[in-house]
Student: 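Handing you this structure, nothing more for now.
Every number for a ligand or one of its atoms is a count from 1 in the order of the listing.
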Amino acid sequence: MLLTSQCMDITSLIMPQIAKAQVRLLVHGLLIKYWEEIGEVDEDYAPIHTYQVCRVMEQNQNNWLHTNWILTEGAQRVFIELKFTLRDCNSLPGGVGTCKETFNMYYYETNGDEDEMEDGEMRDGVGITEEEDRAMKESRYIKIDTIAADESFTELDLGDRVMKLNTEVRDLGPLNRKGFYLAFQDLGACIALVSVRVFYKRCPFLVKSLAEFPDTIPGSEASQLVEVVGRCVNNSLPLYEPPRMHCSTEGEWLVPIGKCVCQPGFEEINRSCQVCKVGFYRSLLESLACSKCPPHSVARQTGATVCSCEDGYYKIDSDPPNMACTRPPSGPRNAISNVNETSVFLEWSIPMETGGRKDVRYNILCRRVLPDGRGLEECGPNVRFLPRRSHTNYSFLLEAVNGVSELAKDHAKQYVSLNVTTNQAAPSPVSVVRKGHTGKSSIALSWAEPDRPNGIILEYEIKYFEKEQDSSYTIIKSKDTEMVVEGLKPSSVYIFQVRARTSAGYGAFSRRFEFQTSPYLYFSATTRGSVSVFTCVLRCGYSKAKQDPEEEKMHFHNGHIKFPGVRTYIDPLTYEDPNQAVHEFTQEIDVSFISIERIIGAGEFGEVCSGPLRLPGKREIQVAIKTLKAGYTEQQRRDFLWEASIMGQFNHPNIIRLEGVVTKSKPVMIITEYMENGSLDTFLKKNDGQFTVIQLVGMLRGIASGMRYLSDMGYVHRDLAARNILVNSNLVCKVSDFGLSRVLEDDPEAAYTTRGGKIPIRWTAPEAIAYRKFTSASDVWSYGIVMWEVMSYGERPYWEMSNQDVIKAVEESYRLPGPMDCPEALYHLMMDCWQRERSNRPKFDEIVCLLDKLIRNPSSLKKLVNSSHR
Ligand code: AMP
């Protein structure tokens, strides 16, 4: 019995991402043997078309059902989905000896539809029968697979109208021709073919990252990827590289590479590139959206890639597109000159208007003023701003420019002109600045005229800033030596510096003075209204201060015990590797820059020589060259360079200046500034009675100033004596001989004490001799001895008394008598330096202050010590 099944419906179906394959079923002309086309209804009584065969009772079945020619449309891999029902052989009544439960599926590729040719013609042409022709055609088919049913149906199912439908999918490829045929071969089964779906997969058209990827047919191999280069959408460009995607055999786009971006003047909106509006621009591929034109620029049309500058504003090529258009700067401000012999330092403040740019530079036009009003001439290449050693008048034109100055041809240049005469000495620095009445927002300041004004002081410049905010400071000017600084914050610490100006220019700034605005504990409580007394009078009147604890506090609050602004000395001993300290604090000098011309002395480690130092790009200077003699031990080398590591940390006009060291070649050298008059003690002996008291006090003042600097740095000298002071040709005294205990070992004056260690007894404070209590206060004691040495032109302290007798005498309150013709004020100061109680001794800044006062008021030096003191 023939099983009737539902009708067969071979149509092309669409699956997601799967394009339709053209499948036309040609019923007529199809070679069918024992297959029947039957119209039926399914379980739901919907009409269906099926092809059926069921010749299970007969032997040797070979029934073929052919499809029409199916166009591949370029697909190399196609899928065939079959839906069918199949009869369970066991459920057939009676002998079913030949019954099968499978069928075969074949294909045959061609470039054209062979069925369109007349069957008869073909046969006629070769003279074969219809049977032979069919057999020949079937022999060309290639088997795809044998298809078995997962479920076969029985009589029962038919009764219940249950359709046990099987679905099988096979893929076919690679296909190389334009089309193919499918065929189903039955060998004796009971089959109803309900549908045959033939399809291929492809990657559909896609817009991704502003690139269009066309509808793409995958490769023939499973897991093969087809690379597709995308096309950038309108008004877009590939960024870095053309965008690419990969089409998989499953019809999916994979592995996107690169992207397109809207071209300049356009921006991406809704996966397309839209033009920038008026007033907006887009210049870079990397930026996404159109931006508003930066200040002082405009875009008058849509699609701008840059904005153009308004009139009077400019841009240079290197300016980023989002930078505002800019203008040339205004002129420099507050220009001043500062002459130091034949060098001129020009100083100015930045222009009020920088034109909106950070690249402000300055042009200096130098012209020499010709004598007798003959006009000006260009300075020419000779003036490396190192003019000859004569008074020469120069005129400088100073101009500020920035990156757009070149473009702004019409812009009026703002010059500042400075007229300068070289070879005039600028005033020496103001040494003391004092604080007067202090309010919540104001501080009254006063200061002394510089020691060496070198001309008429035209004005003073006061620079101040809030402590630790030195990036912004204020400068005010004063014609007097006092002024009230206003507009300060209450309870805030300010740093003040003062400098004087003469026609030769500005002198160096004073060191930093630190004062605090009110509320101020002591001023408000105890010294309100009389602060001015506290200025020099009390500060120099150290002996008074010591009686009044409040005043001592004031000293402290005035910040003069230790200046927070001053760096602290770092003991090279704290370095594990002494070479590291040398490296950190000194500069290596190439020996080729040094010429040794003379031997000027003998040091502990070797000769001390002198000669010129010619550093590239610097003026030649005379230097002293201390050498380390050959055959030294590593310890000696270390000790020798030790002094340089200490000296290298100091920078003060009364401290011997280290120029550098030579350690990379032999001999190892320490290079310092050259002091023409050698050590102070020999110098004074040589020039006995030759100097005025003011000159001697000037020397003492210099030494005290250097010592103040050292004590501010936290450095204790331990061997302050006239022999360790060097004198230059201008009678400037500088403290030298640095080191630690080592220095004392080298000092012929140093003697061993009972507690061990060598100490220069005659110069040393009793507490330092007794229990090695070396402090700035013991340095002050030594300073008193130096004062005595100076005032007595190099006399040996305590003359020929033995060290032991000196210790004993001092212990018994014996003190050196005032030297011959010594002003009483100076002897009082010496005696104060020799106070047994070290806290009663003056501080170095008080000593400096007092000496300044004496120098300013020479009549105070008239009164000489009573000879009965001796
Ligand atoms: P010192 O080893 O530092 O004591 O130096 C020995 C001697 O060399 C000193 O007494 C000075 O006469 C001389 N001397 C040292 N340094 C200098 C210098 N910078 N300028 C001139 N002479 C110096």
Side-chain angles (χ1 to χ4, degrees), residues 572 582 586-587 589 593-613 615 620-630 632 635-662 667-687 699 702-703 706 710 715 717-750 758-760 762-763 782 786 789-790 793-794 796:
V582 175
T586 70
Q587 192 202 330
I589 292 179
F593 300 135
I594 303 162
S595 311
I596 296 178
E597 286 181 345
R598 283 184 303 130
I599 294 184
I600 54 170
E604 163 72 8
F605 293 96
E607 282 86 18
V608 181
C609 308
S610 73
L613 168 69
L615 286 178
E620 175 184 308
I621 54 165
Q622 282 296 313
V623 288
I625 305 147
K626 280 191 183 185
T627 57
L628 175 60
K629 59 179 173 246
Y632 56 83
Q635 182 64 41
Q636 282 172 318
R637 182 181 184 273
R638 234 178 270 163
D639 288 347
F640 177 72
L641 289 172
W642 200 280
E643 181 173 18
S645 323
I646 296 169
M647 227 191 289
Q649 297 184 47
F650 304 141
N651 178 16
H652 188 272
N654 296 104
I655 306 290
I656 194 85
R657 190 180 69 246
L658 178 77
E659 294 296 341
V661 293
V662 178
V668 174
M669 301 177 194
I670 296 177
I671 315 296
T672 62
E673 64 179 313
Y674 178 60
M675 302 295 283
E676 293 83 350
N677 283 314
S679 50
L680 179 61
D681 62 337
T682 8
F683 176 65
L684 288 171
K685 279 180 208 147
K686 250 196 269 169
N687 296 283
M699 294 182 205
I703 301 165
L710 293 182
Y715 179 79
H717 191 290
R718 296 173 179 228
D719 197 10
L720 179 58
R723 65 183 170 280
N724 290 331
I725 303 292
L726 291 166
V727 188
N728 74 10
S729 55
N730 294 325
L731 295 195
V732 176
C733 289
K734 307 202 180 196
V735 181
S736 84
D737 271 74
F738 300 97
L740 290 159
S741 47
R742 202 261 320 147
V743 172
L744 300 179
E745 302 293 336
D746 301 337
D747 191 335
E749 280 297 343
K758 259 174 129 187
I759 284 177
R762 284 153 217 272
W763 283 265
S782 313
V786 172
E789 291 185 275
V790 169
Y793 282 93
R796 179 170 167 77

Student: Apply the salt bridge (charged side-chain N to carboxylate O under 4.0 Å, His left out) test between Lys626 and each candidate in Glu643, Glu659, Glu604, Glu607; give the one that qualifies.
Tutor: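 Between Lys626 and the candidates, salt bridge (charged side-chain N to carboxylate O under 4.0 Å, His left out) is satisfied uniquely by Glu643.
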Student: What distance separates Leu658 CG from Ser645 OG, expressed to the nearest 0.5 Å?
Tutor: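 One gets 9.0 Å once the value is rounded to the nearest 0.5 Å.
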Student: Going from CD1 on Ile596 to CE on Met669, what distance comes out if it is rounded to the nearest 0.5 angstrom?
Tutor: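 The CD1 atom of Ile596 sits 4.0 Å away from the CE atom of Met669.
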Student: With rounding to the nearest 0.5 angstrom, report the CG to CD distance, Leu726 to Glu676.
Tutor: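 Between Leu726 CG and Glu676 CD, I get 10.5 Å after rounding to 0.5 Å.
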Student: Calculate, to the nearest 0.5 Å, the distance between atoms CG and NZ belonging to Leu680 and Lys734 respectively.
Tutor: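 These two atoms lie 14.0 Å from each other.
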Student: Return yes if some donor-acceptor pair links the side-chain N/O of Asn724 with the main-chain N/O of Asp719 below 3.5 Å, else return no.
Tutor: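 Checking the backbone N and O of Asp719 against the side chain of Asn724, a donor-acceptor pair under 3.5 Å is found.
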Student: Distances for all N or O pairs of ligand 1 and the protein under 3.5 Å?
Tutor:
| unit_1 | atom_1 | unit_2 | atom_2 | d |
| --- | --- | --- | --- | --- |
| ligand 1 | 3 (O) | Lys626 | NZ | 2.4 |
| ligand 1 | 3 (O) | Asp737 | OD1 | 3.4 |
| ligand 1 | 19 (N) | Thr672 | OG1 | 3.2 |
| ligand 1 | 19 (N) | Glu673 | O | 2.9 |
| ligand 1 | 20 (N) | Met675 | N | 2.9 |

